Amino acid sequence: MDEQPRLMHSHTGVGMAGHPGLPQHMQEGTGGTDGDGRKQDIGDILQQIMTITDQSLDEAQARKHALNCHRMKPALFNVLCEIKEKTVLSIRGAQEEEPPDPQLMRLDNMLLAEGVSGPEKGGGSAAAAAAAAASGGAGADNSAEHSDYRAKLSQIRQIYHTELEKYEQACNEFTTHVMNLLREQSRTRPISPKEIERMVNIIHRKFSSIQMQLKQSTCEAVMILRSRFLDARRKRRNFNKQATEILNEYFYSHLSNPYPSEEAKEELAKKCAITVAQVSNWFGNKRIRYKKNIGKFQEEANMYAARTAVNAANASSHGSQANSPSTPNSAGETGSPCQPEPRAKPLYAYCPFCLHLS
DNA sequence: AAGTATGATTTCAG
DNA sequence: CTGAAATCATACTT
């Protein structure tokens, strides 16, 4: 590694000394040794190589041709090969073996999971289904939004793919260009296939870092889209009046133990056309909010109590037993609150009706 | 527009 | 895992 500068320096040094005028070995062939003349020659060629980029294209082309035909060219080429051999050997130690970038893998996985980078359609079905399940099973009304979501997603996918293709094409073009350039140059200076390969690798890495940015921003876009369309909170709909009434009826008729069993939840869910999870949410919210401000709910409580009382009366007079879903250990506390009924999990230490009604 | 209601999510404890 | 409590984000009301 530290050899190269020295070599270059000495060459340029010789070149500088020998540059002015035409090949001097022609003129002073008798004076100096033959080695001197050869040095002159090599220096001359090197100098020409060094300055070739400063010249106009035509001039450079002509000069290049002249160089290639120069009688000393093979010798120079050999020398360069030797130097190369040394330096390449020293470089070889620092070869890359490219561990797969975890960040890139993460992005790839996500794009695949979201159906952006995977196979055409249906790729996102898993994610879509999960989202549908998460946002509540009553899917009749969100199908429109879903198609909207899918349209936007496929738009993103299309942009992603065209961009990706563009990058790929640019990368290939650039790679072949560089390879041609190197092959062309390999006539003048020694370039091993391995070096070309390495150069190609470098180019690919550069381009893949650009691709990574593309993937990153695509991921961001998908996330935004997701949160905009699929986040249930963003498209919250109140349950319909009937569902709320059913839930409230159950809640207030089981006020001392408003914890519907799994079966009761399922039944309620079916009746209200919502998911069991939504029933659980509703009861969770209801319990905490009721407890927080019982006074505020008093009117509602009275109303439902009266209603269920009427219902019960009707039911008994008709001899029918079709009632609201039952809970194992808390049935029939509707009419008379304050019954000291043993409860599995007493939430309220007192009966709200007794404390707040009168 | 501001305030309230409400369904969903998050965090935490048992 | 379930439920309490806090919080978020939207829907609805005034």
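All values reported here derive from a predicted model rather than from experimental measurement. Excluded from the calculations below are hydrogen atoms, water molecules and symmetry mates; all remaining heavy atoms, backbone and side chain alike, are included. Naming: A, B, ... by sequence-line order, numbering from 1 per chain.
Counting non-hydrogen atoms under 4.0 angstrom, A:Asn238 reaches the backbone sugars and phosphates but no base. Heavy atoms of A:Phe283 sit nowhere under 4.0 angstrom from any nucleic acid atom.
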Before you tell me yes or no, could you show the steps for A:Gln158 and A:Gln155 under side-chain contact (heavy atoms from CB on, under 4.5 Å), namely the whole-Å CA-CA distance, both residues' side-chain angles and the distance that decides it to 0.1 Å?
CA-CA 5 Å; A:Gln158 202 188 335; A:Gln155 205 176 323; 5.5 Å; no

Carefully, step by step, assess A:Gln211 and A:Glu163 under the rule side chain to side chain donor-acceptor pair (under 3.5 Å).
CA-CA 9 Å; A:Gln211 277 187 8; A:Glu163 287 294 303; over 6 Å; no

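Atom CG of A:Asn240 is separated from atom C1' of C:dC12 by 15 Å (rounded to the nearest Å). Between the C1' atom of B:dA8 and the CD1 atom of A:Ile288 lies a distance of 15 Å, rounded to the nearest Å. When the P atom of C:dA6 is taken as reference, atom NZ of A:Lys286 falls 18 Å away, rounded to whole Å. In this entry the distance linking CD of A:Glu300 with P of B:dT4 reads 17 Å, nearest Å. As rounded to whole Å, 12 Å separates atom P of B:dG7 from atom NZ of A:Lys241. Straight-line distance from the CZ atom of A:Phe251 to the C1' atom of C:dG3: 14 Å, rounded to whole Å. When rounded to the nearest whole Å, the span between CD of A:Gln278 and C1' of C:dT10 equals 15 Å. Remark: C1' of B:dT6 and OH of A:Tyr290 are 18 Å apart, rounded to the nearest angstrom.
For A:Asn285, counting side-chain heavy atoms from C-beta on, the closest listed nucleotide (C:dG3, C:dA6, C:dA5) is C:dA6. Listed candidates were B:dA8, C:dA11, C:dA5. Nearest to the side chain of A:Arg236 is C:dA11. Here the nucleotide nearest the side chain of A:Lys296, chosen from C:dA5, C:dG3, B:dA5, is B:dA5. Comparing C:dA4, C:dA11, B:dT9 against the side chain of A:Tyr259 picks out C:dA4 as the nearest.
Checked against the 6.0 Å centroid threshold, A:Phe251 and A:Tyr304 do not count as a close aromatic pair.
Side-chain N/O atoms of A:Lys292 include one lying less than 4.0 angstrom from OP1 or OP2 on C:dA6. Listed pair A:Arg289 / B:dA5 fails the phosphate criterion, with no side-chain N or O lying under 4.0 Å from OP1 or OP2. Contact check, A:Arg237 against C:dT10: no side-chain N or O comes under 4.0 Å of OP1 or OP2.
Between A:Thr188 and A:Phe77, the closest side-chain pair of non-hydrogen atoms is not below 4.5 Å. Residues A:Gln103 and A:Gln216 are in side-chain contact: their nearest non-hydrogen atoms beyond the backbone lie under 4.5 Å apart.
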